[in-house]
Number of protein chains: 2
Amino acid sequence: MTKKPTMPATPPAVRANVSVAAPASSEEAPTSSRATRAAERRAAIVDAAMEEFIARGFAATRLDDIAKRAGVAKGTIYLHFKDKESMFEELVRIVIVPVVARLTTLPPPAGSVRDLIEAFAGNFLREVIGTRRGDLVRLIVAEGPRFPSVADFYYREVVSRGIAAMRALIELGIARGEIRDKDLARYPQILVAPAMIAVIWQSLFARHAPLDAQDMLRVHLDLIFGERRTT
Amino acid sequence: MTKKPTMPATPPAVRANVSVAAPASSEEAPTSSRATRAAERRAAIVDAAMEEFIARGFAATRLDDIAKRAGVAKGTIYLHFKDKESMFEELVRIVIVPVVARLTTLPPPAGSVRDLIEAFAGNFLREVIGTRRGDLVRLIVAEGPRFPSVADFYYREVVSRGIAAMRALIELGIARGEIRDKDLARYPQILVAPAMIAVIWQSLFARHAPLDAQDMLRVHLDLIFGERRTT
DNA sequence: AAAATATGACTGACTAGTCAGTCATAGTCA
DNA sequence: TGACTATGACTGACTAGTCAGTCATATTTT
């Protein structure tokens with residue numbers, strides 16, 4: 001390479017909006033025991049690694065950069081992770097698991113199916129679309145084929161559960177007469193597709209043509225449930 | 001790295017199902033003038049590069065491997081392309097352009113809007129979903145953020161045109177009363193979303209849970225147009 | 001023979017991973 | 001309590017290897 005073609009990763013000033021650790025008082029807070037400090041460092045490494053991997057992809061990310069961003073020596077990374085690969089794999093688990101936990105903690109099953117799904121979509125909008133986590137989803141799509149274990153994990157923990165949950169909701173909707181089309185239960189992907197497209201769109205094309213994801217999802221739900229009767 | 005973790009790229013035996021050149025008689029066919037031979041070599045390089053980039057991503061792909069797969073010395077690549085980066089960029093153009101050309105050559109605008117869209121979907125199924133070109137789309141999603149010029153090109157040549165074409169069809173459908181939901185014209189993405197999801201699904205999750213893309217698209221169109229009246 | 005092409009050994013910049021040594025903290029003893 | 005020792009988290013210079021890009025040489029075409 002004649003010169004570095006890669007654009008700089010998000011500069012350190014713009015910190016992740018999704019942090020693994022508590023606010024991580026950046027400097028000199030020996031608030032803590034050895035174990036605590038170690039945990040903080042690990043979290044700092046995870047945050048830094050996520051930023052770098054999202055910005056550059058797995059292969060092009062340098063461990064030196066992760067170390068610098070985390071404010072840690074390179075060797076320290078190897079105290080916490082076996083190697084670059086397993087760091088990437090663990091990273092995905094660490095970031096994804098709590099999100100799934102939160103999203104699958106459904107709100108009380110009160111109200112119509114549409115209300116349930118709207119609550120779901122609202123969470124998704126807030127927690128994923130247009131956030132670092134959305135970028136992480138794109139990263140998984142990007143690196144999945146080269147990391148079968150990551151793809152497997154993601155399928156098992158996120159996709160299959162999500163599909164199952166959506167299918168259950170759709171079947172409920174059909175049973176209650178809220179949803180007309182009975183075939184929809186066979187392809188819950190259709191229900192989720194616009195949300196996924198929104199994630200990708202924000203990552204790739206937002207600067208060409210911003211997308212009002214919330215409004216789009218509303219239109220999509222109108223399509224499935226029929227126009228929203230203004231309560 | 002202690003050992004190569006990457007799985008081998010598709011072995012040379014399994015040739016691309018999408019070739020840039022004519023069948024590329026692999027050995028010794030001096031059928032041709034210099035210019036022709038040069039063009040064949042260039043095409044072989046493009047094919048090989050596509051395979052490798054799809055299998056490994058940009059950063060992890062070695063030019064030595066592309067050369068070997070194309071049956072060419074590494075130096076030869078530099079007779080055709082300035083460097084790895086511009087090879088990738090040109091590659092995308094070279095492969096995408098003819099597909100767009102073919103897909104935008106609409107069949108005679110006869111029949112219902114649904115028929116038009118179904119024809120479109122059929123082409124897309126055949127030409128993209130589950131083919132190397134589908135993988136290329138995933139690759140663009142993957143590398144887009146690191147190759148703004150690729151993302152720009154893809155947006156300009158494929159996405160914006162596709163969206164515009166879909167919008168036109170939707171508006172026609174609304175005008176003719178085939179489509180109920182008027183808001184759909186504001187988000188043609190909704191019409192296309194399941195097809196994109198199918199592309200990604202085949203790439204990432206096919207071996208966990210195969211997806212009948214054709215049937216899914218049919219269900220989706222039923223959702224938009226209402227159940228298909230059996231002609 | 002001259003020109004156009006093609007080759008692949010070579011170079012140098014770059015980076016994953018290592019490890020001997022440092023030092024703040026935790027633990028022990030008088 | 002204060003001094004002294006043990007621990008292991010942390011460091012960063014270093015090694016071994018990789019790979020994009022070059023170019024002197026060989027091969028093919030005209």
Side-chain angles (χ1 to χ4, degrees), chain A residues 1-6 8-9 21 27-46 48-49 52-53 56-91 146-147, chain B residues 1-6 9 27-45 48-49 52-53 55-91 146-147:
Chain A
M1 250 176 257
T2 315
K3 71 169 186 182
K4 297 260 182 63
T6 43
E27 277 310 343
E28 292 318 311
T31 344
S32 35
S33 68
R34 277 228 274 238
T36 313
R37 296 237 326 139
E40 281 174 6
R41 292 202 115 110
R42 191 187 156 92
I45 291 169
V46 169
E52 294 288 331
F53 282 134
R56 300 191 203 290
F58 177 80
T61 290
R62 284 173 296 250
L63 289 191
D64 284 313
D65 289 348
I66 293 176
K68 191 180 294 176
R69 183 185 278 262
V72 143
K74 181 148 66 137
T76 306
I77 292 175
Y78 287 90
L79 300 176
H80 292 278
F81 300 96
K82 180 171 150 286
D83 57 14
K84 194 183 175 187
E85 248 190 292
S86 54
M87 179 167 56
F88 180 71
E89 293 170 4
E90 281 195 55
L91 167 72
R146 262 146 278 144
F147 288 90
Chain B
M1 249 177 254
T2 316
K3 72 171 185 183
K4 295 259 183 62
T6 44
E27 278 309 345
E28 293 318 312
T31 345
S32 35
S33 70
R34 272 230 275 246
T36 314
R37 295 238 325 137
E40 282 174 5
R41 270 155 144 32
R42 192 187 156 91
I45 292 169
E52 294 289 330
F53 282 135
R56 300 192 204 288
F58 177 81
T61 291
R62 285 173 296 250
L63 289 192
D64 284 312
D65 289 347
I66 294 176
K68 191 180 294 177
R69 182 185 279 261
V72 142
K74 184 154 60 145
T76 306
I77 292 176
Y78 286 89
L79 300 175
H80 292 276
F81 300 96
K82 179 169 150 285
D83 58 14
K84 194 184 177 187
E85 248 190 290
S86 54
M87 179 168 57
F88 180 71
E89 294 172 3
E90 281 195 54
L91 167 73
R146 262 146 277 144
F147 288 90

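Since this is a predicted model, take the numbers as computed values, not measurements. A note on names: the letters A, B, ... follow the listed sequences, proteins ahead of strands, and every chain is numbered from 1.
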#### Entry: Pairing residues for A:E90 by the salt bridge (Lys or Arg N to Asp or Glu O under 4.0 Å) criterion, not counting sequence neighbours
A:R42

### Message
I need the minimum non-hydrogen distance between A:I66 and A:A48, along with the two atoms involved.
### Response
O-CB, 3.6 Å

### Query
Once you round it to whole Å, what is the distance between C1' of D:dT29 and CD of B:E40?
16 Å

### Query
So how far is it from A:I45 CD1 to A:M87 CE, rounded to the nearest 0.5 Å?
8.0 Å

### Message
If I compare all heavy atoms of B:D83 with all of B:Y78, which pair ends up nearest, and what's the gap?
### Response
CA-CE2, 4.0 Å

Between the protein and nucleotides 8-14 of chain D, list the N/O to N/O atom pairs that are separated by less than 3.5 angstrom.
from	atom 1	to	atom 2	distance (Å)
D:dC10	OP1	A:R41	NH1	3.3
D:dT11	OP2	A:A73	N	2.8
D:dT11	OP2	A:T76	OG1	2.5

### Message
Nearest whole Å is fine: how far is C:dT7 P from B:D64 CG?
### Response
13 Å

#### Entry: Euclidean distance, atom CD of residue A:E52 to atom C1' of C:dT15 [Å, nearest integer]
14 Å

### Query
Rounded to whole angstroms, how far apart are NZ on A:K84 and C1' on C:dT18?
17 Å

### Query
Roughly how many Å is it from CD1 in B:I66 to C1' in D:dA20, rounded to a whole number?
11 Å

### Query
What integer distance in Å separates B:F81:CZ from D:dA20:C1'?
16 Å

### Message
My understanding is that only one of A:R146, A:K84, A:E52 makes a side-chain contact (heavy atoms from CB on, under 4.5 Å) with A:F58; could you say which?
### Response
A:K84

### For the student: nearest non-hydrogen atoms of B:A67 and B:A73, plus distance
CB-C, 4.0 Å

### Summary
note: B:R56, atom CZ; D:dT18, atom C1'; distance rounded to Å ~ 14 Å

### Nearest-Å distance for atom pair OH/C1', residues A:Y78 and C:dG17
5 Å

